[in-house]
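Written out below as structure tokens is the structure these notes cover.
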Amino acid sequence: MPRLGDIHVRYLKGVGEKRGEILAAHGITTVEDLLYWFPRRYLDRTTVKPLREVREGDEATIVGKVVSCDTVRGKKSRFVALISDETGFVQCVWFHSLHLWKKIIRPGSMFAFNGKFGYFNGLQLVHPEFDKIDTGGNWNMLNTGTIIPLYPSNEQLSQAGYDSRGLRRVMRRALDSYSNLIEETLPEELVRNRRLLPLAQALQWIHFPAKQEELHAAQKRLKFDELFYLELILALRRKNYQSSAAGIAFKNVGDRVRQLIDNLPFTLTGAQQRALREIWEDMKSPLPMNRLVQGDVGSGKTMVALISMLLAVENGYQAAMMAPTEILAEQHYLNIYPLLDEVGVNTVLLVGGQKKKLRERFLGELKDGVAQVAVGTHALIQDEVQFKRLGLVVVDEQHRFGVLQRMALRDKGEKPDVLVMTATPIPRTLSMTLYGDLDLTVIDELPSGRKPVRTVWRPSHKRQEIYHFIRDELVQGKQAFIVFPLVEESEKIDLRAATETYEKVKQGFFENFEVGLLHGRMTSQEKEQVMAEFKAGRMQVLIATTVIEVGVDVPNASIMVIEHAERFGLTQLHQLRGRVGRGSQESLCILVADTPLSREARLRINTMCETNDGFRIAEVDLEIRGPGEFLGTRQHGLPDFRIADLVQDRELLEKARSDAFAVVEDEQRLKQVVARANRYGFFKRFREKMELAEVG
Ligand code: ADP
Ligand code: MG
């Protein structure tokens, strides 16, 4: 039997060579591709409004006939079409590409228009989105319950005859001629258990549903496909990693771990202890650990990582910790070094701008095993870095690194255990997918005595008051950050803002205090020195660009001023705020931003003022930016979905995940599923995108 994935669209009636090429240029090469070109919207009685009911300011879809249209010449030449739907009129106006509209918008033809309705001598739509509809002259078509699919199209496709209407026709033809060739891609028992439509039915109904229930059932089935195959790849990736060779089975807890914990000026939180137990279970097991530790800023992840590294050392192995920035790596080193030194463990630092001699010494110590722990940036994964016996790899702030970098560090040892840490709180289902091949530990408790950071929003003309307030606090021995945004395009301008403020307040407001400046253009030695001064409390005010965003840990700092707060993303604001409130005193975060603010900037700032809860903040951020941008799909290598939505379809995602992980456990079923999946275009695309080499 021929397969839809092998039949070129040009063989469809009415397509042919030339149009086949245009379709192919849009990714529609085979009949299978065509059937997976899903409608972007549907018109029906519930989504189309009669013009009689439309009011100025509404965003709505209407369906109507072109009564008359013409180009109007003048200072602002425009193309105007008068549309009627028998209940009212609307004028549609275009101010450019006049000749183009003239060709498309013809008197007597029927269109669906969508947009925000204005008023100018009657209802008006400027540059509306539109689709040509054919109704067979039946005005009441939508009232009979018909649902019309609208397809994604563009100018090139439209010119080849594939506007929404043309696509509807070719889709109909494809389904009429080939639906008998549609093969089921999911195991039957899954289709049954999850009450899904058979694939052939779903593909019919996604394009031509007769009623809403059919459409929903089709959407559910097709979303499930994508989610299931995504999770199947994650499950396979995890299985491959675990079964390709045995990892290290650590044995000794060792005395020095207890000693180090006893030396700490605090007791570990319940969540930290739980995390350590989970990690230790993994480390004891001969299967390689692949665990994600997720915890809000300040929840004490570094301590957990440190103790895990000491566990590795107690078993005669080395450990390495990679951080995304030099500042962060240096911070970790400064925190970790003395604690490990106290129990006789030797730690080295590897970062980019290091003196050659020092670097060479450290490299030698790692190779000989004289140094047991390495902390660093990407510098750790360079070729000349060699470990004697690397047993544990910690990757901090994972969202800054790709999967490949994680693997590069791992490959410096023989199947070392891997611990990934992230402070970006992600809703659980999403993190399961994003880090789908990792086990998850959540540190959901802050060290006791932490008080939530009070957050306020102030306009910039209140700056004098803000500085007065800061000065009063400094007198009491506190420390403050003043942060400026650094957006790449305007790096120079922003740097100037930070530098100018620094010069000004050093001589003025804060003349009786030590003020420091920190930005990305300084050498690592300069940065290190400023940070050390601030940390030691010899400097009271630190003016910085966002280089301090992650990881800076100065418990005595209790004031965070964020200038141009409207220019920061929500996650970034939360990270920055996390730099204060790390000690036991009350902390304050002041967001400086001037009105008018965009709706989104206002939402971000209000959310910050309302809550300190990282998960709540992540949810809002996700809403604002959508999953693609929030997760940085490109970097994470998640495939683009045609129909599934990782955020909206969370429930379905969980089901798909549990099904996929169950399938992988059962060799027999897995074989069958993979045999089917391999014939499925999506699966192949997903697999390539997610760098899963061989399957089946
Ligand atoms: P994270 O990396 O999760 O943002 P850190 O590990 O940097 O947080 O910890 C933040 C601060 O809290 C550090 O100063 C650390 O020494 C301190 N800390 C860690 N664990 C505890 C604890 N159990 N009790 C009190 N303070 C702690
Ligand atoms: Mg940290």
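All ligand and atom numbering here is 1-based and tracks the order in the structure.
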In terms of side-chain geometry, is the basic nitrogen of R256 or E314 positioned less than 4.0 Å from the acidic oxygen of its partner?
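The answer is yes: the pair qualifies as a salt bridge.
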Determine, for R238 against D439, whether the closest basic-nitrogen to carboxylate-oxygen distance falls under 4.0 angstrom.
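Yes, R238 and D439 are salt-bridged.
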ring-ring contact (aromatic ring centres under 6.0 Å, His included) partners of F513, counting only residues at least two apart
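By the ring-ring contact (aromatic ring centres under 6.0 Å, His included) rule, F513 matches no residue at all.
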Backbone, side chain, both or neither: what part of [X] comes under 4.0 angstrom of ligand 1, heavy atoms only?
| X | answer |
| --- | --- |
| I443 | neither |
| Q272 | side chain |
| L268 | backbone |
| N335 | neither |

By number and element, which atoms of ligand 1 are closer than 4.0 Å to a non-hydrogen atom of [X]?
| X | value |
| --- | --- |
| T269 | 23 (N) |
| T267 | 22 (C), 23 (N), 24 (N) |
| T302 | 2 (O), 5 (P), 6 (O), 7 (O) |
| D296 | 3 (O) |

Just by distance, with hydrogens left out, do H564 and E566 show a side-chain donor and acceptor under 3.5 Å apart?
yes
K251 meets the side chain to side chain contact (heavy atoms under 4.5 Å, CB included) criterion, sequence neighbours left out, with N315
Option nearest atom 17 (C) of ligand 1 (shortest heavy-atom distance, choices R579, R582, Q294, R450)
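It is R450 whose heavy atom sits nearest to atom 17 (C) of ligand 1.
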Inspect the surroundings of CG in D262 and state if more than 12 heavy atoms from other residues, nucleotides or ligands are less than 6.0 Å away.
yes
Considering distance alone, does some N or O of G298 sit under 3.5 Å from an N or O of ligand 1?
yes
If I apply the N/O under 3.5 Å rule, does G300 come out as touching ligand 1?
yes
G352 and A379: which non-hydrogen atoms are nearest, and at how many Å?
N-CB, 4.2 Å
I'd like to check I562 versus V592 (side-chain heavy atoms, cut-off strictly below 4.5 Å). Are they in contact?
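A side-chain contact under 4.5 Å is absent here.
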